[in-house]
Amino acid sequence: MQRRVGDEVEVPGDYQHRALHEGRATQRFWHRGKLDAVEKMLGPRTGDVIVDVGCGSGVLAGRLAEHAGTRVVGVDANAAALAFARQQYARANLEFHEGIADELELTTFGPNKIAFIEVIEHIYPEQARATLRRFHRALPSGGRLVVSTPNARSLWPAIEWTLDHLALVPHMAHDQHVASYTPASLAALGEEVGFRRREVRTVHLLAPWLAPLNWGLAERMHALEQRRPLPFGALALVSFDRP
């Protein structure tokens, strides 16, 4: 099986944190809207043990740990990102560990929910299949998995090409991203390894691109886009249950 254990370009440890808080308006809105959608799909509540696989600089894990009564574990292969996350998001119910997605022994954490957010496109399809099988084994009956990835059935390929050619982010095509999915293919992959799809949705059709013009208008558009399923939003999200 062809495997990846890291990107071909160096991604700074604080990258996701800076993108959320200091990036251009479109980038900040993209990350905030993504976190909103993932948090809603995970539905954190008292007693949950949530593992954020590929946590990066800890922005999602830190947000989930704000929910009282949860235990949150962030895992990433980037030691610099983990060092930043431990310092930035120190909480009694939050811990960070170094590891590679398809090697993790998640049962040691006892999760009932797993987040796998914009990671699956960084690994080869067979490695992704093996990783989702590992998640399936680690979750109890009724456990939940949320996966997100850029939507190949949207303007994302053009967006990625533009970002790469203008060098606005660490280079993505082939250096970071080696696989692509549509909402349907991502849902099918989860079902193939034994999960049951719970919700399939996309976000970021128009809203992020309005943020530089008017943040309030972008928020209203984002809320409008969430009222009905959109097939062509630039980010695909799928939540699964373990039967």
Side-chain angles (χ1 to χ4, degrees), residues 2-36 38-39 42 49-66 70-106 108-109 111 113-124 127-128 130-131 134-135 138 146-150 159-160 163-179 235:
Q2 194 176 19
R3 296 179 67 245
R4 295 187 91 213
V5 297
D7 291 324
E8 298 298 321
V9 295
E10 183 177 354
V11 178
D14 63 347
Y15 175 73
Q16 292 85 8
H17 178 84
R18 287 191 295 104
L20 177 63
H21 296 287
E22 302 171 15
R24 296 173 179 86
T26 297
Q27 188 180 39
R28 285 186 282 116
F29 197 96
W30 174 286
H31 285 275
R32 201 193 74 170
K34 171 186 67 180
L35 294 176
D36 288 346
V38 170
E39 183 177 23
L42 280 170
V49 178
I50 309 171
V51 179
D52 179 10
V53 178
C55 65
S57 56
V59 292
L60 174 61
R63 179 167 174 161
L64 296 173
E66 293 175 0
T70 60
R71 178 192 174 205
V72 181
V73 180
V75 182
D76 203 276
N78 185 336
L82 294 174
F84 175 85
R86 290 185 182 110
Q87 181 178 32
Q88 183 70 32
Y89 297 103
R91 299 181 69 96
N93 64 330
L94 176 59
E95 58 196 84
F96 293 96
H97 298 268
E98 188 169 353
I100 297 171
D102 65 337
E103 296 179 351
L104 295 173
E105 291 299 336
L106 294 175
T108 61
F109 304 124
K113 294 179 180 177
I114 296 174
F116 198 45
I117 306 307
E118 290 184 57
V119 181
I120 199 167
E121 68 274 11
H122 293 253
I123 58 179
Y124 296 113
Q127 189 178 4
T131 300
R134 189 172 288 265
F135 294 167
V146 176
V147 185
S148 76
T149 190
I159 295 167
E160 181 173 296
L163 292 173
D164 281 349
H165 281 74
L166 295 180
L168 296 177
V169 298
H171 194 269
M172 291 182 284
H174 308 299
D175 290 325
Q176 291 194 71
H177 297 175
V178 295
L235 185 68

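The analysis underlying the following values was restricted to heavy atoms, covering all of them including side chains, and did not include hydrogens, waters or symmetry mates. Bear in mind that the values here come from a model prediction, so they are computed numbers and not experimental data.
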Tell me every residue that passes side chain to side chain contact (heavy atoms under 4.5 Å, CB included) with A115, counting only those two or more places apart in sequence or in another chain.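 Applying side chain to side chain contact (heavy atoms under 4.5 Å, CB included) to A115 gives L42, D52, L60, I117.
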Pairing residues for E66 by the side chain to side chain contact (heavy atoms under 4.5 Å, CB included) criterion, not counting sequence neighbours: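 Partners of E66 by the side chain to side chain contact (heavy atoms under 4.5 Å, CB included) criterion, ordered by chain and then number, come out as R91.
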Is atom CD of Q87 surrounded by more than 12 heavy atoms (other residues, nucleotides or ligands) closer than 6.0 Å?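 12 or below, so no.
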For R28, enumerate each residue passing the side-chain hydrogen bond (donor to acceptor under 3.5 Å, both in side chains) test, keeping only those at least two apart in sequence or located in another chain.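 For R28 there are no side-chain hydrogen bond (donor to acceptor under 3.5 Å, both in side chains) partners, ignoring immediate neighbours.
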Only counting residues at least two apart or in another chain, list the ones meeting side-chain hydrogen bond (donor to acceptor under 3.5 Å, both in side chains) with H21.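 For H21, no residue satisfies side-chain hydrogen bond (donor to acceptor under 3.5 Å, both in side chains) once neighbours in sequence are set aside.
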Give the minimum heavy-atom separation between R63 and L35, together with the two atoms involved.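 In terms of heavy atoms, the two residues are closest at NH1-CB, 3.3 Å.
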Side-chain donor-acceptor contact under 3.5 Å, H177 with E160: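 A pair is found: one side chain offers a donor N or O, the other an acceptor, under 3.5 Å apart.
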Check: R71 side chain, E95 main-chain N or O, donor-acceptor pair, under 3.5 Å: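 Here the side-chain-to-backbone pair does not exist.
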Quick one: ring-ring contact (aromatic ring centres under 6.0 Å, His included) partners of F116, sequence neighbours excluded?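 In terms of ring-ring contact (aromatic ring centres under 6.0 Å, His included), with neighbours along the sequence ignored, F116 is linked to F135.
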Only counting residues at least two apart or in another chain, list the ones meeting ring-ring contact (aromatic ring centres under 6.0 Å, His included) with F84.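 With neighbours one apart ignored, the set is H17.
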Worked check of side-chain contact (heavy atoms from CB on, under 4.5 Å) between H97 and V73: CA-CA 7 Å; H97 298 268; V73 180; 3.6 Å; yes
Salt bridge check, R134 against E103: does any charged N sit closer than 4.0 Å to a carboxylate O?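 Salt bridge: no.
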Could you walk me through whether I114 and I50 pass side-chain contact (heavy atoms from CB on, under 4.5 Å), step by step? CA-CA 6 Å; I114 296 174; I50 309 171; over 6 Å; no
Nearest 0.5 angstrom please: L106 CG to L104 CG, how far?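 The CG atom of L104 is 5.0 Å from CG of L106, to the nearest 0.5 Å.
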